[in-house]
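One structure is given here, and the rest of the page talks about it.
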Amino acid sequence: MRVYALHGWEVSTAQAREIQLSLAKRVVTENGVIKPRLVAGIDISAPDTQGVARGAVVILRYPEFSIVEVEIAEDKIDFPYIPGLLSFRESPLILAACKKVCNAPDLIMIDGQGIAHPRRFGLASHVGLFLDLPTIGCAKSILCGRHQTVGEEAGSHAELLDNGKLIGAALRTKTRVKPVYVSVGHRIDLASALQWVIKCCRGYRLPEPTRLAHLAAAGRLVFEPDSHRSEFDHDDR
DNA sequence: GCGACAG
DNA sequence: ATCTTGTCGC
């Protein structure tokens, strides 16, 4: 069994899975009513040829969706991509970017699963637990679980079940476009998570927090303090 | 044993 | 995640 460097420690993939099982017990899957004033979106870029990637966190005012802050962390990624162990690969960079944030968000949306994970401890839960903030997992595809057909209209959703257990929902965020997969990250319930993802959608498949974080991680989101956002288009590389 | 498998 | 141009539709 191979071992990987993680925060200065050497862990085998088996140990990484044990760690997840242990941490999953601390995840909180409900909370009071959340009325976010600041919502954060988090994503990470794919590593370049030298293994360097960028983690981005974008802080947005709700419900205006104006950008308050953008923070980036850049570093070499060493942990490989292994389905189910994504958080060990991405969380270090994400947490590094979060440490730079001045405007603490009330809610965070992350590009990955929350508890819709084999050991109920996906990236969004991992980050939520480490930051002790409400997080929502909003992934573009399924890691585990199944669901019935989702209505074609924006807002339609279906339960995501794993061996009969409700672990999340498939949500159509845009009419006739592939659904996204929403799950509890930490300190929120599924109904609220679904509600906030829906309320953060602005005509794109991905909700604004995650969509802008993706652009920021790719270096395609320009933010001038106290001004408005400007997104580059698809041909100015 | 075989297939599936967040980014 | 990435490889990839133009094209169709709102």
Side-chain angles (χ1 to χ4, degrees), chain A residues 4 6 13-14 16-17 20 23-24 27 41-57 73-97 108-129 135-147 152-154 160-163 167-186 190 193 197 201-207 209-211 213-220 233-237:
Chain A
Y4 303 99
L6 175 67
T13 54
R17 292 185 176 90
Q20 291 182 323
L23 294 177
V27 172
I42 289 178
D43 194 16
I44 184 173
S45 68
D48 61 21
T49 51
Q50 298 164 60
V52 175
R54 299 200 301 179
V57 49
E74 210 164 13
D75 203 355
K76 179 165 183 173
I77 297 288
D78 40 28
F79 204 96
Y81 169 67
I82 299 171
L85 298 182
L86 180 68
S87 66
F88 290 93
R89 173 179 171 83
E90 303 201 341
S91 65
L93 210 40
I94 287 175
L95 295 174
I108 303 176
M109 290 187 192
I110 298 179
D111 187 18
Q113 313 289 355
I115 63 172
H117 176 280
R119 291 168 293 285
R120 307 293 179 259
F121 198 69
L123 177 61
S125 297
H126 190 129
V127 172
L129 191 62
T135 57
I136 296 172
C138 187
K140 298 183 294 299
S141 60
I142 291 178
L143 173 58
C144 69
R146 305 186 47 156
H147 64 85
E152 291 296 320
E153 308 75 30
L160 181 61
L161 304 172
D162 187 28
N163 291 314
I167 58 173
L171 169 68
R172 189 85 65 182
T173 52
K174 183 178 179 182
T175 302
R176 286 183 292 280
V177 168
K178 288 196 308 178
V180 298
Y181 300 88
V182 178
S183 59
V184 168
H186 183 52
L190 181 58
V197 171
C201 285
R202 307 287 274 183
Y204 294 87
R205 181 186 179 216
L206 299 182
T210 295
R211 190 180 76 82
H214 182 78
L215 290 173
R220 308 187 71 81
D233 216 352
H234 269 283
D235 44 27
D236 46 14
R237 218 170 308 191

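Hydrogens, waters and symmetry mates play no part in the numbers below; they use all other heavy atoms, side chains included. Sequence lines set the chain letters: A, B, ... in the order given, protein chains first and strands last, and positions in each chain run from 1. Computed from a prediction, not measured in an experiment: that's the story for all the values here.
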Closest to side chain of A:D43, choosing from B:dG7, C:dT2, B:dA6: B:dG7

Verdict with reasoning, A:E153 to A:R172, per salt bridge (charged side-chain N to carboxylate O under 4.0 Å, His left out): CA-CA 7 Å; A:E153 308 75 30; A:R172 189 85 65 182; over 6 Å; no

A:F88 CZ to B:dG7 P, straight-line distance once rounded to whole Å: 18 Å

Integer-rounded Å distance: B:dA6 P and A:I94 CD1: 16 Å

Sugar-phosphate only, base, or nothing, as touched by A:L85 at under 4.0 Å among non-hydrogen atoms: base

Atom-to-atom span, CZ of A:F79 to C1' of B:dA6 - whole angstrom: 14 Å

Pairing string, 5' to 3', for DNA chain B - Watson-Crick or wobble contacts under 3.5 Å, brackets [ ] where pairs cross, | to another strand: .......

Protein-nucleotide distance (A:I142, atom CD1; B:dG7, atom P), rounded to Å: 11 Å

Sugar-phosphate only, base, or nothing, as touched by A:G137 at under 4.0 Å among non-hydrogen atoms: nothing

Atom pair distance, as rounded to whole Å: CD1 in A:I110 and P in B:dA6: 17 Å

Phosphate-side-chain proximity, A:S141 and B:dC5, N/O vs OP1/OP2 below 4.0 Å: no

Considering all heavy atoms, the nearest A:P118-A:C144 contact: N-SG, 3.7 Å

Below 4.0 Å: OP1/OP2 of C:dA1 and any side-chain N or O of A:K140: yes

Which residue lies more 5' along DNA chain C, comparing A:R176 with A:H214 via nearest heavy atoms: A:H214

Nearest-Å distance for atom pair CD1/C1', residues A:I44 and B:dA6: 13 Å

pair A:R211-A:R202: side-chain heavy atoms closer than 4.5 Å: no

Pairwise distance CD(A:Q113) to NZ(A:K140) - rounded to 0.5 angstrom: 10.0 Å

Per A:L143 side chain, nearest of listed nucleotides B:dC5, B:dG7, C:dA1: B:dC5

Nearest listed nucleotide, side chain of A:A46, among C:dA1, B:dA6, B:dG7: C:dA1

Atom-to-atom span, NE2 of A:H147 to P of B:dA6 - whole angstrom: 13 Å

Side-chain touch A:I82/A:R17, heavy atoms, less than 4.5 angstrom: yes

Whole-Å gap separating P (B:dG7) and NE2 (A:H126): 17 Å

Verify stack between A:Y81 ring and C:dA1 base, 5.5 Å, 30 degrees: no

Min side-chain heavy-atom separation A:L85-A:Q20 under 4.5 Å: yes

Reference residue A:V57; test side chain to side chain contact (heavy atoms under 4.5 Å, CB included); the match among A:V127, A:I94, A:L95, A:I42: A:I42

